[in-house]
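Data block below; observations after.
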Amino acid sequence: MLSYWRQYLAISPFYLIFTVFSFGPVFYSLYLAFQRYDGLGTKQFVGLQQFEFLWNDPVFWLSIRNTLVIWVLSTVPTLFGALVLATLLHSVRRFKGFYRIALYVPNVTSIVAVAIFFGAVFSNDFGLVNAILGMVGIDPVPWLSDPWLIKVVIALLMTWMWTGYNMIIYLAGLQAIPQSVYEAARIDGAGPIRTFFRITVPIMRPIILFTVVVSTINGLQSFSEPQVLFASNAANQNLGGPGQAGLTTLLYFYQSAFLDNDYGYGAAIVWAFFVLIIVLVVINWRIVQRGRKS
């Protein structure tokens with residue numbers, strides 16, 4: 001190994017930067033979870049008191065419920081729509097490159113810009129959606145004030161951003177399926193819908209479950225969407241909109257740590273949430289393993 005010291009030296013800056021700015025802060029946040037610290041005074045060791053308070057904190061459990069509901073409302077249509085779009089795009093003969101770029105563009109668009117756009121489109125008073133509904137005689141819908149509709153708007157935003165990303169993954173998987181499989185299905189008299197559910201979906205199952213795992217990690221980390229939609233800052237701490245209906249767990253962590261200056265409690269929130277994400281990922285992983293064995 002010593003004979004390769006030049007190569008190790010060449011790649012060492014990456015590992016040094018990763019250790020200082022990523023690996024180190026992770027363990028420092030775990031240390032803070034057992035401390036009471038406001039960012040200026042001295043740290044005070046409190047043991048598991050932060051986690052005991054967390055267990056009895058109704059706002060924390062509200063943020064967990066909001067996060068899980070938004071995750072389900074966004075993940076299901078995202079993955080189903082991505083699979084349908086990938087199937088349609090796979091059968092297209094012309095302008096494939098254009099369609100791929102057009103459907104993938106939302107994923108590389110600034111999430112802040114997208115959230116501002118959605119906030120304007122779904123505005124209660126001057127939104128484009130309510131204007132269209134008014135043209136057909138429907139009363140304005142309180143998109144950004146009703147507790148359930150707030151979650152729907154956030155889920156729609158996430159669906160719009162991530163459908164193209166998952167579509168590209170599904171399209172790569174579809175291109176690996178031999179055409180002879182589909183030709184045999186057509187000979188047997190299978191129509192497009194039956195072919196989709198009886199051939200495409202079963203063959204794509206490992207890739208679908210992979211995207212479920214990735215979507216679990218990404219979907220549970222929703223933060224910028226509700227923060228930008230409801231203009232959350234130090235002067236306006238109404239995080240998550242009316243009734244905190246859009247308050248996600250990471251947004252609650254942001255409030256506790258950076259608005260309330262309770263860094264110890266903020267660290268406890270994010271570590272408890274990390275454990276929840278790990279549990280959900282493990283469940284999905286077991287499903288993947290069961291699918292492979294069968």
If you look only at pairs with a residue in residues 134-148, which of them pass as a side chain to side chain donor-acceptor pair (under 3.5 Å), with sequence neighbours excluded?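 Found N124-S145, N130-W143.
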Ignoring hydrogens and angles, state whether a donor on the side chain of [X] or [Y] is under 3.5 Å from an acceptor on the partner side chain.
| X | Y | result |
| --- | --- | --- |
| S215 | W162 | no |
| T195 | Y182 | no |
| Y254 | D260 | no |

Between T87, T200, T211, which is the residue that forms a side-chain hydrogen bond (donor to acceptor under 3.5 Å, both in side chains) with Y170?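 Checked T87, T200, T211 against Y170; only one passes side-chain hydrogen bond (donor to acceptor under 3.5 Å, both in side chains): T211.
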Indicate yes or no for a side-chain donor-acceptor contact from [X] to the backbone of [Y] under 3.5 Å, with no hydrogens or angles considered.
| X | Y | result |
| --- | --- | --- |
| T75 | V72 | no |
| Q50 | Q35 | yes |
| N66 | Q244 | yes |
| D38 | G41 | yes |
| K43 | R36 | no |
| T248 | S222 | yes |
| Q255 | L251 | no |
| E183 | V181 | no |
| S91 | L88 | yes |

As an exercise, state the distance from CD1 of I269 to OG of S29, rounded to the nearest 0.5 Å.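 These two atoms lie 12.5 Å from each other.
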Report yes if some heavy atom in the side chain of [X] is under 4.5 Å from a heavy atom in the side chain of [Y]; otherwise report no.
| X | Y | value |
| --- | --- | --- |
| D57 | Y252 | yes |
| T163 | P106 | no |
| F223 | F253 | no |
| F122 | L229 | no |

Please indicate whether [X] has more than 12 foreign heavy atoms, meaning atoms of other residues, nucleotides or ligands, lying under 6.0 Å from its [atom1].
| X | atom1 | value |
| --- | --- | --- |
| F196 | CZ | yes |
| F274 | CZ | no |
| L16 | CG | yes |

Should Y104 and I169 be regarded as members of a common hydrophobic cluster, given that ILVMFWY residues are connected when their side-chain heavy atoms come within less than 4.5 Å of each other, either directly or indirectly?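 Hydrophobic grouping puts Y104 with I169.
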Does I138 belong to the same Ile/Leu/Val/Met/Phe/Trp/Tyr cluster as L128, with side-chain heavy atoms less than 4.5 Å apart forming each link?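 Yes; tracing contacts between hydrophobic side chains, which count when under 4.5 Å, links both residues.
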Please go through I101's hydrophobic cluster and name the other residues, only I, L, V, M, F, W, Y counting, with side-chain heavy atoms under 4.5 Å joining them.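 Hydrophobic cluster check, I101: joined to V105.
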Ring-plane angle category for Y31 and Y28, please: parallel below 30°, perpendicular beyond 60°, tilted otherwise.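 Correct class here is tilted.
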Taking only residues at least two apart or on different chains, which pairs with a member in residues 46-79 satisfy ring pair (Phe, Tyr, Trp, His ring centres under 6.0 Å)?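 Passing the test, one end in residues 46-79: F34-F51, F53-Y265, W55-W61.
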Take S74 and T159, measure what side chain to side chain donor-acceptor pair (under 3.5 Å) needs, and give me the verdict at the end. CA-CA 5 Å; S74 62; T159 300; 5.3 Å; no
